[in-house]
Amino acid sequence: MNGQTGRSRWWYGLRGFAFVLLGGGLGAFTYGALTHRPGAMPWGGMFFGAVVCGVLGAAFPPRRRRPR
């Protein structure tokens, strides 16, 4: 558990993975709906990006801000 923010590192990794995967999927759906080319999205690259974002989110969790 990360002592600064109160949440564990895996939570931030999972959150980053989900945001990239869901955001990319929504973007691919929108792109396919607007251009009428449903097979145009490279899903492997989007999954790889989601994994990288999840690993970076777990490795470097956000820090708590100091009050001014």
Side-chain angles (χ1 to χ4, degrees):
M1 185 147 152
N2 188 1
Q4 294 177 345
T5 59
R7 292 192 187 241
S8 59
R9 289 178 178 256
W10 67 266
W11 171 255
Y12 292 110
L14 183 64
R15 186 180 73 170
F17 177 82
F19 281 161
V20 170
L21 194 64
L22 293 175
L26 184 61
F29 176 74
T30 304
Y31 177 77
L34 293 176
T35 62
H36 304 292
R37 290 190 272 170
M41 180 65 188
W43 293 103
M46 187 178 68
F47 183 74
F48 177 73
V51 169
V52 168
C53 187
V55 168
L56 290 176
F60 304 107
R63 295 182 179 170
R64 200 166 97 189
R65 294 184 181 146
R66 288 186 303 161
R68 291 184 178 213

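As the structure is a prediction and not an experimental result, all values here were calculated from the model. We number each residue from 1, following the sequence as shown.
- In the hydrophobic clustering, Val52 connects to Phe48, Leu56, Phe60, either directly or through intervening members, whenever side-chain heavy atoms lie under 4.5 Å apart.
- Annotation: side chain to side chain donor-acceptor pair (under 3.5 Å) contacts of Trp11 (sequence neighbours excluded): none.
- Partners of Phe47 according to the ring-ring contact (aromatic ring centres under 6.0 Å, His included) rule, which considers only residues two or more places apart in sequence or in another chain, are Phe17.
- A continuous path of Ile, Leu, Val, Met, Phe, Trp and Tyr side chains, each step under 4.5 Å between heavy atoms, connects Trp10 with Tyr12, placing both in one hydrophobic cluster.
- Note on Leu22: it does not cluster hydrophobically with Val20, by side-chain heavy-atom contacts below 4.5 Å among ILVMFWY residues.
- The two atoms that bring Gly16 and Cys53 nearest to each other are O-SG, 3.7 Å, heavy atoms only.
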